[in-house]
Amino acid sequence: MVFHHFFLQSALDGGQRPVKFKPASFCSLEKHQLNNSSNMADSLDQDNTGLGVHQAARLEKLKKIEALGLDPWGARFDDRTFVKPVREMAAQVKFRKEDGSEIELPDFDGAAEPIDYKAWKASQGAGEEIGPVVRVAGRIMLLRTAGKLYFLNIRDWTGDIQILLAKGQVSDADFDLAKLLDFGDLVGIDGRLGRTNTGELTVFATKLHFMTKTLEPPPEKHAGLQDAELRQRMRYVDLTYNVSSLQTFLNRTKIIHSIRATLAKHQFVEVEGPTLHTIAGGAAARPFTTHHNALDMKLFLRIALELHLKRLLVGGIERVYEMGRVYRNEGISPKHNPEFTMIELYWAYANYETMMDLTQQIIVEAIEATGQGYQLKWGDLDIDFTPPFQRRTYSDLFEEHTGLKVTDAEGIAQLARKLGLDTNGKHPDVIKSEVFEEKVEDSLIGPIFVTDYPASICPLTKRKAGNPDIAERFELFIHGMELANSYTELNDPILQEELFKTQLDGMAEEDSMAKMDTDFVRALRYGMPPAGGLGIGIDRLIMLLTNSRSIRDVVLFPLMRHES
RNA sequence: GAGAGCGUAGCUCAGUCGGUAGAGCAAAGGACUUUUAAUCCUUGGGUCGAGGGUUCAAGUCCCUCCGCUCUCACCA
């Protein structure tokens, strides 16, 4: 994925760590006690508050900030500019000569060799650097002193920038306040944009505004927070200190925004269906169960959006979608979180081919929204999203990968047994489907639309005209991962009722989509227009478009065990 | 659910054959007016995930448990 150039700090990793020799000391206690009484560690030891030394030191500074008459939790700070646009003002930093003429600075950012700015200025004769006055705010990521100077690098959600806070250039009160700054604190700065001697774009502070004290120490300042569990449990820390994490989640919102924009172009409307269902229909998955006390009613958290959206199609909302959370009480893996985000959409008077075009458009426009090209990396793998995506029929792929015709039930059963699959008492199409998953799906690099599935495993899908054994359905696969699922929707209430009643042999009820929903059938009896429907796993799409190998990297707060 | 790996300072990580627990960053005190992973001097930080066992001696070997990661299975 493409990172923005303005995260300068992130480009500084990978270097060698300096190794310093530190002789052990055997008489430290004595020396320590000789230190003056303002030694913070001494007073902290006596506090015996149970706080760690880092937390206690920060609390101490907080008290000192209060003692200065300042609010350590900050206040409204109007008219600030985000760091990214401030950095874009770099060209406004100029050198004004004695005669009043303004000249451009050397090209620091494009220079191959470091430029000696001090020497350059000296060579211009008398004059001074000028630059726009700016107001910024952010979190202190780096902090160093050089005599009576403080260099801070602050970060807001658009990038990082250096601040120079110098004695004599701010009030004495502000300079004293700077002593009480810690990594992680939030500050506001008024100052002038300029360049230091090394050419680093810097805000030369004229005023320091204390915004918020941070009472916990930040993670290691170069490596960031590495522990996968801590990154998920404390996403707030992860987002602050791992630039790529923030970038991924900001890209997530761009992708979701793009999907809504694409659908808006086709006049879709977004709705909100119930998440508490009396029947967990629309997909094959184990639901979470809950209970409504006043009605004394067992309820399920929804496992799909389908059946209520189709009811709205009956109601005349002709292009309708919902993007929202569904819940499945099943295993957790890098591709599975118990709650995840799906979009389902229904388009009256369309069919599954319309949906294929739309799916491709949604994905292509989402990639464009993230500012990437169509060739994406996904871990070690490559994905080529250049449209049009390949379209192949289920039966062709089946034959290609197994050498067997989809109609050869006996041969398929034999192959299934050879693969170690249990075929006893199973419907031939269930066996076929298992063989397909085993032999075909994992080899689908894609993006590839697999079309025309065996009808018997698709109880909500319209059958192909003239071929009742084939369902007008496609799934989109990328690197073996199912990303989208689409039908020409079944709108025949009589057939729908029949299919709800038909449990395929060898399929457990909880694994089946065939759950009788009499109200849904009644809705169909009032007339649902012929329609195409589509479902996309949003988290998985975001994984692919943000080069994330785990769903837990694209879900802000994935489900975790209780903290011990 | 099965298998493999991991768990050491606030964070990131070393720890050899079982023999006194290590580093960097962070923290505390100090120096430095253009640094930038600043640098330099000084100092303090550990129930080695928990419990048990073997041993003169366990971070290290064995057992049980807890947690995390990966792979496989179910699932999208």
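Computation of the quantities below employed the complete heavy-atom set of this structure, encompassing side-chain atoms and omitting hydrogens, waters and symmetry-equivalent molecules. Every chain is numbered from 1, with letters handed out A, B, ... down the list of sequences.
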When we call it a touch if two heavy atoms are under 4.0 Å apart, what does [X] touch: a base, just sugar-phosphate, or nothing?
X         : result
Leu225(A) : sugar-phosphate
Lys221(A) : sugar-phosphate
Gln226(A) : sugar-phosphate
Gly224(A) : sugar-phosphate
Asn337(A) : base
Lys118(A) : nothing

Considering Watson-Crick and G-U wobble pairs with both distances under 3.5 Å, what does [N] pair with?
N      : result
A31(B) : U39(B)
U47(B) : none
U55(B) : none
G67(B) : C6(B)
G1(B)  : C72(B)
A23(B) : U12(B)

State plainly whether the residues [X] and [Y] are in salt-bridge range, i.e. N to O under 4.0 Å.
X         : Y         : result
Arg195(A) : Asp109(A) : yes
Lys84(A)  : Asp156(A) : no
Glu60(A)  : Lys64(A)  : no
Glu475(A) : Arg473(A) : yes

Roughly how far apart, to the nearest Å, are [N] and [M] at atom [atom1]?
N      : M      : atom1 : result
C62(B) : U55(B) : C1'   : 12 Å
U60(B) : G15(B) : C1'   : 9 Å
C6(B)  : U16(B) : P     : 13 Å
C65(B) : G29(B) : C1'   : 45 Å
G46(B) : A21(B) : C1'   : 8 Å
U47(B) : A37(B) : C1'   : 33 Å

**Study point:** Results of side chain to side chain donor-acceptor pair (under 3.5 Å) for Gln162(A) - residues two or more places apart only
**Key:**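 For Gln162(A), the residues satisfying side chain to side chain donor-acceptor pair (under 3.5 Å) (neighbours in sequence not counted) are Arg144(A), Thr202(A).
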Nearest-nucleotide pick for [X], side chain only, options being [options]:
X         : options                : result
Leu142(A) : U34(B), A27(B), A38(B) : A38(B)
Lys61(A)  : U34(B), A28(B), A76(B) : A28(B)
Ala57(A)  : U34(B), A37(B), A28(B) : A28(B)
Arg286(A) : C74(B), A76(B), G10(B) : C74(B)
Gln169(A) : U34(B), A76(B), C32(B) : U34(B)
Glu220(A) : C11(B), A27(B), A26(B) : C11(B)

Point to revise | Audit row: Glu322(A), Arg302(A), salt bridge (charged side-chain N to carboxylate O under 4.0 Å, His left out) steps and yes/no | key: CA-CA 13 Å; Glu322(A) 176 166 8; Arg302(A) 66 183 175 188; 2.8 Å; yes
Point to revise | Residues which pass ring-ring contact (aromatic ring centres under 6.0 Å, His included) with Tyr150(A), listed by chain and number, not counting sequence neighbours | key: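 With sequence neighbours excluded, Tyr150(A) shows a ring-ring contact (aromatic ring centres under 6.0 Å, His included) to Phe175(A), given in chain and number order.
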Rounded to the nearest Å, what distance is computed from the [atom1] atom of residue [X] to the [atom2] atom of nucleotide [N]?
X         : N      : atom1 : atom2 : value
Phe340(A) : A76(B) : CZ    : C1'   : 5 Å
Ile343(A) : A76(B) : CD1   : P     : 18 Å
Leu143(A) : A37(B) : CG    : P     : 15 Å
Phe183(A) : A26(B) : CZ    : C1'   : 7 Å
Leu193(A) : U34(B) : CG    : C1'   : 15 Å
Asp160(A) : U35(B) : CG    : C1'   : 16 Å

Check your understanding: Can Phe151(A) be classed as stacking with the base of A38(B), given a centroid separation cut-off of 5.5 Å and a plane angle cut-off of 30°?
Key ->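 The base of A38(B) is not stacked with Phe151(A) (the test needs centres under 5.5 Å and planes under 30°).
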**Study point:** Under-3.5 Å donor-acceptor pair between His54(A) side chain and A27(B) base
**Key:**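 Looking at the base of A27(B), it does not pair with any donor or acceptor on the side chain of His54(A) (distance under 3.5 Å).
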Exercise for review: Rounded to the nearest 0.5 Å, what's the gap from CG on Leu483(A) to CD1 on Ile448(A)? Could you check?
Suggested key: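 Here the rounded value is 13.5 Å.
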Practice item. Please step through salt bridge (charged side-chain N to carboxylate O under 4.0 Å, His left out) for the pair Asp539(A) and Lys335(A), ending with a clear verdict. Key: CA-CA 9 Å; Asp539(A) 309 280; Lys335(A) 291 179 190 169; over 6 Å; no
Can you tabulate the close N/O pairs, meaning under 3.5 Å, that link protein atoms to atoms of nucleotides 68-73 of chain B?
| unit_1 | atom_1 | unit_2 | atom_2 | d |
| --- | --- | --- | --- | --- |
| C68(B) | OP2 | Arg561(A) | NH1 | 2.5 |

